[in-house]
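Some notes on the structure that comes next.
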Amino acid sequence: MNKTSVRRPRLPRGARLVVVAALGLVASTAAFGQSTTGSVFGHAPAGDVVAAHSTTNGNQRKVHVEADGRYALRSLPAGVYNVTLEENGKAVLTHLKVPVVVGRGSKVDFDCTQGHCAKAADRS
C-alpha cells in the first residue's frame, strides 16, 4: 500500500495571530460576562424618587418613578439595602434590609398615592 500524504492548507503567520487573538478576546468576554449585581424594582407614585442605600458598602443610587408608576434600580452591587421613597426631596417611607442578590431582582412596592405616603408611614 502506498501512503499518500495529505497536505493541509496553512494560514499565513499573520492570519494565525489574528485568529489566536480573536479566540482570546472571545474567551475573556465570556469570563467577564458573569454578573455580580442585582436590582430593586416595583411601583411607587409617579414623579417621586426611589433611593437605595447600601448598609453593606455605603453606595447610594436614586431613580425617578416613571409616569406609569414603575421604577427600577439596576446594576446594584449585591448586598443589603434600605429602599426609600422621597417626595419633594424628603424621605417619607423606607423598606429596611432589602436583599439584593446576584442576577436577581427584589420587588419593593410603595403602596400609597402621591402626597399621601407620609400619612401612610405615620399609620404603620
Side-chain angles (χ1 to χ4, degrees):
M1 272 197 182
N2 253 348
K3 283 189 173 181
T4 55
S5 62
V6 176
R7 190 173 175 124
R8 288 186 271 158
R10 298 203 124 217
L11 292 173
R13 181 175 169 87
R16 284 185 283 183
L17 290 175
V18 169
V19 169
V20 170
L23 290 174
L25 181 62
V26 168
S28 68
T29 302
F32 288 110
Q34 298 171 349
S35 175
T36 59
T37 62
S39 64
V40 173
F41 66 95
H43 288 89
D48 284 353
V49 172
V50 176
H53 183 263
S54 171
T55 62
T56 312
N57 61 26
N59 285 344
Q60 183 168 332
R61 297 258 309 279
K62 294 182 178 187
V63 65
H64 285 276
V65 180
E66 300 292 329
D68 64 359
R70 294 176 190 219
Y71 76 90
L73 291 153
R74 293 181 176 86
S75 300
L76 293 173
V80 178
Y81 289 79
N82 292 336
V83 182
T84 303
L85 178 69
E86 298 178 0
E87 288 182 345
N88 300 318
K90 181 182 174 190
V92 293
L93 199 56
T94 301
H95 289 269
L96 300 174
K97 299 180 182 177
V98 175
V100 173
V101 180
V102 172
R104 303 197 81 171
S106 294
K107 186 174 183 177
V108 178
D109 288 331
F110 293 94
D111 296 323
C112 54
T113 57
Q114 191 168 35
H116 295 93
C117 294
K119 292 175 189 170
D122 290 338
R123 284 181 272 161
S124 32

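Start at 1 with the first residue, then count along the sequence. As the structure is a prediction and not an experimental result, all values here were calculated from the model.
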Gap between atom NE2 of H43 and atom CD of E66 - 0.5 Å precision: 11.5 Å
Smallest separation among heavy atoms of N57 and P77, with atom names: ND2-CB, 4.2 Å
N88 atom CG, over 12 foreign heavy atoms within 6.0 Å: no
Residues R74, F41; criterion side-chain contact (heavy atoms from CB on, under 4.5 Å); working and verdict: CA-CA 8 Å; R74 293 181 176 86; F41 66 95; over 6 Å; no
pair P45-L85: side-chain heavy atoms closer than 4.5 Å: yes
Separation between CD of Q60 and OG1 of T84, rounded to the nearest 0.5 Å: 8.0 Å
Any residue meeting salt bridge (Lys or Arg N to Asp or Glu O under 4.0 Å) with K107, in chain and number order, not counting sequence neighbours: D109
Nearest-0.5 Å distance, NE2 of residue H53 to CG of residue L96: 12.5 Å
N/O donor-acceptor pair under 3.5 Å between E87 side chain and Q114 backbone: no
Contact summary for V108 and H95, nearest pair of heavy atoms: CG1-CD2, 3.3 Å
Least distance between heavy atoms, S106 atom then V98 atom: CB-CG1, 3.9 Å
Test item: T37 and L76 side chains (from C-beta on) under 4.5 Å apart, heavy atoms: no
4.5 Å side-chain heavy-atom contact, V49 and Y71: no
For H64 against G47, the heavy-atom pair lying closest together: ND1-O, 4.1 Å
Shortest non-hydrogen separation from L73 to A52 and the atoms involved: CD1-CB, 3.7 Å
